[in-house]
**Q** 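This structure is in structure tokens; I'll ask about it shortly.
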Amino acid sequence: MGELMTMGQTGAGLAGILRSVVGGAGLGLLAMTAQATAIETGDLNALREKALAVMNADRAEHDLPPLSLEESLNAAAQAHAVEMIEEDYFAHVSPDGVSPQDRYLDEGGSRAKLVEENIARCSGCPLPPGEERVESFETGWMNSPGHRRNILAEGLETFGFGIAGEDGRIVAVQTFAGPGTSPAHGPDQSAEAVPQAQRSEEMIALLNQARERQGLSGLKSNETLAQTAQALLPESSDDILEQDGEQDLFAALPEEARNDWRSLRVVSAGCGGCGTEITDSDLRFFKNQWLDNPQFASAVRSERFGQAGAAFLSNGDGAKRAILVLGVAR
């Protein structure tokens, strides 16, 4: 008998995405034993290689690139498998609130990356776990839509596997990580990259569509403000999710333009697990972050500001930052 569960989670700056799907065959309550027994893992290195091979074979059948083992994902998966056996629970989030991404970060993983997790368990299964059990879990995951989505997701690069058993119970964990894909599009869709020279004007056009629907006048795209937004982006891509956009705005202006503006306002948003290129989907995502957040929407919709410029940064590892500068000219 077996049961499966899947979860996907992004790293997050100001925005995050969480998906959870439960699937698989029904399972009755696991029997409890009064006598503690030793946790068994079998030949863990061999089982990980088997798990990697069968998972990559499924990806290859769908023309997806293979994943490689990552030690931090292996450690996170194994710790979770052992904990679920020891503490007798079956869930992505532990009783003390630790999530798949938390476990990955605890093992030295990157906040920028998308993290996905599949889990499965069986009762009355022979111990120690062997390769046949690994294959059986993979088959079950592939036959369940949510787990299958994780295995066949785009934007993944690395893989981890953990397995533990005790008294006829076995729990297995698959973990995946990678830069992910642009928000609001999935494995069966595509998002067109936007050239850097066009990004600011396209963002202003998207904001103006929203303003005009509310009877507001449009913002004028301003190259000086776009340059200012670019100057406000973090110098190091390692800081991309920590960037808050609260720098000295007038100091970021080109020196020759500092007397041209009566007032400036900056709004910023970040995203983790969001792919490697700045795409049209990203522009729409960041636009929605600003318009849906009252803290930012009042400025973005204000008639007071007449001009704007935007800049965007991707660190290539899944993290992105967008900055919009609004201005009132003298």
**Q** Under a 3.5 Å threshold, yes or no: a donor from one side chain and an acceptor from the other, between Ser314 and Glu277?
**A**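 Result is no, nothing qualifies.
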**Q** With rounding to the nearest 0.5 angstrom, report the CG to CZ distance, Asn118 to Phe176.
**A**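 The CG atom of Asn118 sits 5.0 Å away from the CZ atom of Phe176.
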**Q** Donor-acceptor pair, Asp102 side chain versus Ser99 backbone, under 3.5 Å?
**A**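 Flag set: sc Asp102 to bb Ser99 pair under 3.5 Å.
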**Q** Quick check on Glu87: does its CD atom have over 12 non-hydrogen neighbours (other residues, nucleotides or ligands) under 6.0 Å away?
**A**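 Buried by this count: over 12 neighbours within 6.0 Å.
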**Q** Please examine the side chains of Leu206 and Glu202, heavy atoms only from C-beta on, and report whether any two atoms are closer than 4.5 Å.
**A**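 No, every pair of side-chain atoms sits at 4.5 Å or beyond.
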**Q** Quick check: do Glu61 and Met142 have side-chain heavy atoms less than 4.5 Å from each other?
**A**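 No, every pair of side-chain atoms sits at 4.5 Å or beyond.
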**Q** Without swapping roles, check the side chain of Arg48 against the backbone of Asp43 for a donor-acceptor pair under 3.5 Å.
**A**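 The answer is no, because no donor-acceptor pair under 3.5 Å joins these two groups.
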**Q** Applying side-chain contact (heavy atoms from CB on, under 4.5 Å) to Leu156 and Ile151, what does each step give before you reach the verdict?
**A** CA-CA 9 Å; Leu156 299 178; Ile151 292 169; over 6 Å; no
**Q** Does any N or O in the side chain of Asp260 come within less than 3.5 Å of the main-chain N or O of Arg330, such that one atom is a donor and the other an acceptor?
**A**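 Judged by distance alone, no pair lies under 3.5 Å.
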**Q** Quick check: does any side chain N or O of His80 sit under 3.5 Å from a backbone N or O of Val93, one acting as donor and the other as acceptor?
**A**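 Pair absent, no side-chain N/O of His80 close to backbone of Val93.
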**Q** Rounded to the nearest 0.5 Å, what separates atom CD1 in Ile170 from atom OG1 in Thr41?
**A**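 It is 11.0 Å, given to the nearest 0.5 Å.
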**Q** With heavy-atom distances below 4.5 Å as the criterion, would you say the side chains of Glu70 and Tyr104 are in contact?
**A**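 Yes, their side chains come closer than 4.5 Å.
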**Q** Let's go through Leu283 and Ile278 carefully: what are the C-alpha distance in whole Å and the side-chain angles of both, what is the deciding distance for side-chain contact (heavy atoms from CB on, under 4.5 Å) to 0.1 Å, and is it a yes or a no?
**A** CA-CA 8 Å; Leu283 301 190; Ile278 299 296; 4.3 Å; yes
**Q** Which heavy atom of Ala226 sits nearest a heavy atom of Ser200, and at what distance?
**A**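 Minimum heavy-atom separation between Ala226 and Ser200: CB-OG, 3.6 Å.
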**Q** Can you find a side-chain donor-acceptor pair between Arg284 and Ser281 that sits under 3.5 Å?
**A**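 No, no side-chain donor-acceptor contact under 3.5 Å.
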**Q** So, Arg199 and Asp282, do they make that salt bridge, N to O below 4.0 Å?
**A**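 Looking at Asp282 together with Arg199, the answer is no, because their closest N to O distance does not fall below 4.0 Å.
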**Q** If you look at every heavy atom in Gly327 and Leu264, which pair is closest and at what distance?
**A**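 Of all heavy-atom pairs spanning Gly327 and Leu264, the closest is CA-CD2, 3.8 Å.
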**Q** If I compare all heavy atoms of Ala319 with all of Ile240, which pair ends up nearest, and what's the gap?
**A**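 Looks like CB-CG2, 3.2 Å.
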**Q** Can you tell me how far the CD1 atom of Ile163 sits from the CG atom of Leu47, to the nearest 0.5 Å?
**A**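 Atom-to-atom, Ile163:CD1 and Leu47:CG are 6.0 Å apart.
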**Q** Can you see whether Ser182 engages Thr279 through a side-chain donor-acceptor pair at a distance of less than 3.5 angstrom?
**A**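 Yes, a side-chain donor-acceptor pair sits under 3.5 Å.
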**Q** Could you state the interatomic distance from NZ (Lys50) to CG (Asn45), rounded to the nearest 0.5 Å?
**A**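 If I round to the nearest 0.5 Å, the distance is 15.5 Å.
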**Q** Apply side-chain contact (heavy atoms from CB on, under 4.5 Å) to the pair Phe161 and Met55, showing each step before the final yes or no.
**A** CA-CA 11 Å; Phe161 184 77; Met55 179 274 304; over 6 Å; no
**Q** Does the Glu40 side chain pair with the main chain of Ala164, one donor and one acceptor, at a distance under 3.5 Å?
**A**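 A pair under 3.5 Å: no.
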**Q** Any donor and acceptor pair, going by atom type alone, linking the side chain of Arg211 with main-chain N or O of Ser217 inside 3.5 Å?
**A**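 Here the side-chain-to-backbone pair exists.
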**Q** Main chain of Leu253, side chain of Arg258: is a donor-acceptor contact present, judged purely on distance under 3.5 Å?
**A**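 Answer holds: yes.
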**Q** If you compare all heavy atoms of Ala77 against all heavy atoms of Thr175, which two are closest, and at what distance to 0.1 Å?
**A**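 Reported closest heavy-atom pair: CB-OG1, 3.8 Å.
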**Q** Please find the pair of heavy atoms, one from Arg169 and one from Ile85, that lie closest to each other, and give the distance.
**A**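 The pair with the smallest heavy-atom distance is NH2-O, 3.6 Å.
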**Q** Verify, without hydrogens or angle tests, whether Trp141 (side chain) and Ile119 (backbone) share a donor-acceptor contact under 3.5 angstrom.
**A**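 Yes; judged by distance alone, with no hydrogens or angles, the pair exists.
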**Q** Can you measure from CZ (Arg103) to OG (Ser72) and round to the nearest 0.5 angstrom?
**A**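 These two atoms lie 13.0 Å from each other.
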**Q** Please check if the side chain of Asn143 supplies one atom and the backbone of Thr139 the other of a donor-acceptor pair under 3.5 Å.
**A**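 Pair found, side chain donor or acceptor close to backbone of Thr139.
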**Q** In terms of hydrophobic clusters joined by side-chain contacts under 4.5 Å, are Leu216 and Val300 together?
**A**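 They do not share one cluster, since no chain of ILVMFWY contacts under 4.5 Å joins Leu216 to Val300.
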**Q** Is any side-chain heavy atom of Arg59 closer than 4.5 Å to one of Leu152?
**A**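 Result yes, sub-4.5 Å side-chain heavy-atom pair found.
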**Q** Please determine whether the number of non-hydrogen atoms from other residues, nucleotides or ligands lying under 6.0 Å from atom CD of Glu132 exceeds 12.
**A**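 Counting neighbours around CD of Glu132, 12 or fewer heavy atoms of other residues, nucleotides or ligands fall under 6.0 Å, so no.
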**Q** For the atom pair CD (Gln101) and CG (Asp106), what is the distance rounded to the nearest 0.5 Å?
**A**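 These two atoms lie 10.5 Å from each other.
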**Q** Establish whether Val173 and Leu105 are linked, either directly or via other cluster members, by ILVMFWY side-chain heavy-atom contacts under 4.5 Å.
**A**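 Shared cluster, no.
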**Q** Report the C-alpha separation of Leu207 and Leu324 in whole Å, then their side-chain angles, then the decisive distance to 0.1 Å, and conclude whether the side-chain contact (heavy atoms from CB on, under 4.5 Å) test is met.
**A** CA-CA 11 Å; Leu207 293 173; Leu324 174 73; 3.7 Å; yes
**Q** Got more than 12 heavy atoms from elsewhere within 6.0 Å of CG, Asp292?
**A**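 Counting neighbours around CG of Asp292, more than 12 heavy atoms of other residues, nucleotides or ligands fall under 6.0 Å, so yes.
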**Q** Which pair of non-hydrogen atoms, one from Asn74 and one from Phe159, has the smallest distance, and what is that distance?
**A**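 Scanning both residues, the minimum pair turns out to be OD1-O, 4.2 Å.
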**Q** Given side chains that start at C-beta, do those of Val134 and Ser136 come closer than 4.5 Å, heavy atoms only?
**A**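 The answer is no, as the side chains (C-beta and beyond) never meet within the 4.5 Å cut-off.
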**Q** Treating Ile, Leu, Val, Met, Phe, Trp and Tyr as nodes and any side-chain heavy-atom pair under 4.5 angstrom as an edge, say whether Val98 and Tyr89 lie in one connected cluster.
**A**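 No, Val98 and Tyr89 fall in different hydrophobic clusters.
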**Q** Can you tell me which residue among Val325, Thr228, Leu249, Thr224 is in a side chain to side chain contact (heavy atoms under 4.5 Å, CB included) with Trp261?
**A**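 The option that passes is Thr224.
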**Q** Would you find more than 12 non-hydrogen atoms of other residues, nucleotides or ligands less than 6.0 Å from Glu157 atom CD?
**A**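 Buried by this count: over 12 neighbours within 6.0 Å.
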**Q** Between Arg304 and Ser263, is any side-chain donor less than 3.5 angstrom from a side-chain acceptor?
**A**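 Indeed, the side chains of Arg304 and Ser263 share at least one donor-acceptor pair under 3.5 Å.
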**Q** Between His62 and Asp58 (side chain of the first, backbone of the second, donor and acceptor by atom type, cut-off under 3.5 Å), is there such a pair?
**A**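 Yes, the answer is positive, given that a donor and an acceptor are paired below the 3.5 Å cut-off.
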